[in-house]
2 protein chains.
Amino acid sequence: MTCSINYAPQLRAQGLRMTPQRNAILHVLHHSGGHLSPTQVYKQARKEYPRLTEPTVYRTLEDLAEKKFLLAAHVGNGKIVYELAAKQHHHLICHKCGGTVQVEHAPLELLYRQLESSTGYKLDSGHVTFFGLCSDCQS
Amino acid sequence: MTCSINYAPQLRAQGLRMTPQRNAILHVLHHSGGHLSPTQVYKQARKEYPRLTEPTVYRTLEDLAEKKFLLAAHVGNGKIVYELAAKQHHHLICHKCGGTVQVEHAPLELLYRQLESSTGYKLDSGHVTFFGLCSDCQS
DNA sequence: ATCCTTATTGCAACTTTTTACAATAGCACA
DNA sequence: TGTGCTATTGTAAAAAGTTGCAATAAGGAT
């Protein structure tokens, strides 16, 4: 806990409590600045707060994602990774080399509107992942 | 094995062998006509071929999906379900009631082209799932 | 500062998924 | 029909993820 970021007020504003477990989890996600799997989060956050357990990690990640503090991205074979919610974006993954490109949400807006009018669904920030071959792997 | 569908030649054309295990798995997917989780496939296919084991199911589903005999859809919290590959489509899922709507691929084509030109990736049949609230759950 | 409500956690047991490796059995070919 | 190559499988064990419930503790109210 050397950094001074305090998520407590934001959490409380959403009816969530700040606990040392959540602090450790958020701290890890903040400093790794990328996507982490629940297991990765568990292993790292455990160093900061050894009493942390797996169920807590899984539940916390789900809860924080539901309240939009985290984004859950579905990567590869049904794997899920989390990252701190910044601006909304999606992922484009090369299934040969695993390379990842971030895709802005803007180009998806039109599609969202179309789907909403044709299905009656109201689409929200759900994460979308595209798969393909990156330019290097197309040879 | 009362039905007479024979996938063997198609499998062999892809360098895959036909085994009783794969037969049972394909058979189950064929007759359930929907999305099944690996566990569901395992439990049902086991009735047809009791020697079947979990690792075989997971590997087979992955292999068959890679060769496009199956489609893998990423549903909900990183869960994965499989279905026989028919025409390409995507899913729109209500995260309140779980209701699912199929989305044709056509409306996504334009987006695919845009993303390809802006990222250099060549997109393929990767499965995409959207999340939102269905009309009933919007109240 | 203390109490009270209830969100959150840990525990323990369980289910699901993955991995490594040796044994098996498709199937192409002679 | 038999032989050989190797894809595929089972086994065993580990890793990852889930569930129910009782105990704990966050933080608003007194």
(message) Need one value for Ser37(A): base, sugar-phosphate or nothing, where a base atom within 4.0 Å counts as base even if backbone is also close, heavy atoms only.
(response) nothing
Can you measure [X] atom [atom1] to [N] atom [atom2] for me and round it to whole angstrom units?
X        : N       : atom1 : atom2 : result
Leu11(B) : dA7(D)  : CG    : C1'   : 12 Å
Asn23(A) : dT8(C)  : CG    : C1'   : 15 Å
Arg22(B) : dA25(C) : CZ    : P     : 15 Å
Tyr42(B) : dG10(D) : OH    : C1'   : 11 Å
Leu16(B) : dG26(C) : CG    : C1'   : 12 Å
Ile80(B) : dT18(C) : CD1   : C1'   : 14 Å
Glu54(B) : dA14(D) : CD    : C1'   : 14 Å
Gln14(B) : dT8(D)  : CD    : P     : 12 Å

(message) What I want to check is whether an N or O donor and acceptor connect the side chain of Arg59(A) with the base of dG17(D) at under 3.5 Å.
(response) no
(message) For a quick check, tell me whether the side chain of Arg17(A) and the base of dT6(C) share a donor-acceptor pair closer than 3.5 Å.
(response) yes
Would you please confirm or rule out a distance under 4.0 Å between OP1 or OP2 of [N] and any side-chain N or O of [X]?
X        : N       : result
Thr19(B) : dA25(C) : no
Gln21(A) : dA25(D) : no
Thr56(B) : dT9(D)  : no
Thr53(B) : dT9(D)  : no
Thr39(B) : dT15(C) : no

Which nucleotide, [options], lies nearest any side-chain atom of [X]?
X        : options                   : result
Met18(B) : dG10(D), dC27(C), dG10(C) : dC27(C)
Lys43(A) : dA12(C), dA16(D), dT11(D) : dA16(D)
Arg12(A) : dG10(D), dG27(D), dT18(D) : dG27(D)
Lys79(B) : dA12(D), dT18(D), dT17(C) : dT18(D)
Pro38(A) : dA12(C), dG17(D), dT8(D)  : dG17(D)
Tyr58(A) : dA12(D), dA16(D), dT17(C) : dA16(D)
Glu62(B) : dC27(C), dG10(D), dT18(C) : dT18(C)

(message) Using heavy-atom distances to pick each residue's nearest nucleotide on DNA chain D, tell me which of Tyr49(B) and Gly15(B) is more 5'.
(response) Gly15(B)
(request) Any chance you could measure Glu48(A), atom CD, to Gln21(A), atom CD, to the nearest 0.5 Å? (result) 12.0 Å
(request) Kindly check if the number of other-residue, nucleotide or ligand heavy atoms within 6.0 Å of CZ (Arg113(B)) is above 12? (result) yes
May I ask you to test the [X]-[Y] pair for a side-chain heavy-atom distance under 4.5 Å?
X        : Y        : answer
Met18(B) : Leu26(B) : yes
Leu84(A) : Tyr7(A)  : yes
Lys67(A) : Asp63(A) : no

(message) Under 4.0 Å between a side-chain nitrogen and a carboxylate oxygen: does that hold for Glu62(A) and Arg59(A)?
(response) no
(message) Quick check on DNA chain C: between Pro55(A) and Asp63(A), whose nearest nucleotide comes earlier from the 5' end?
(response) Asp63(A)
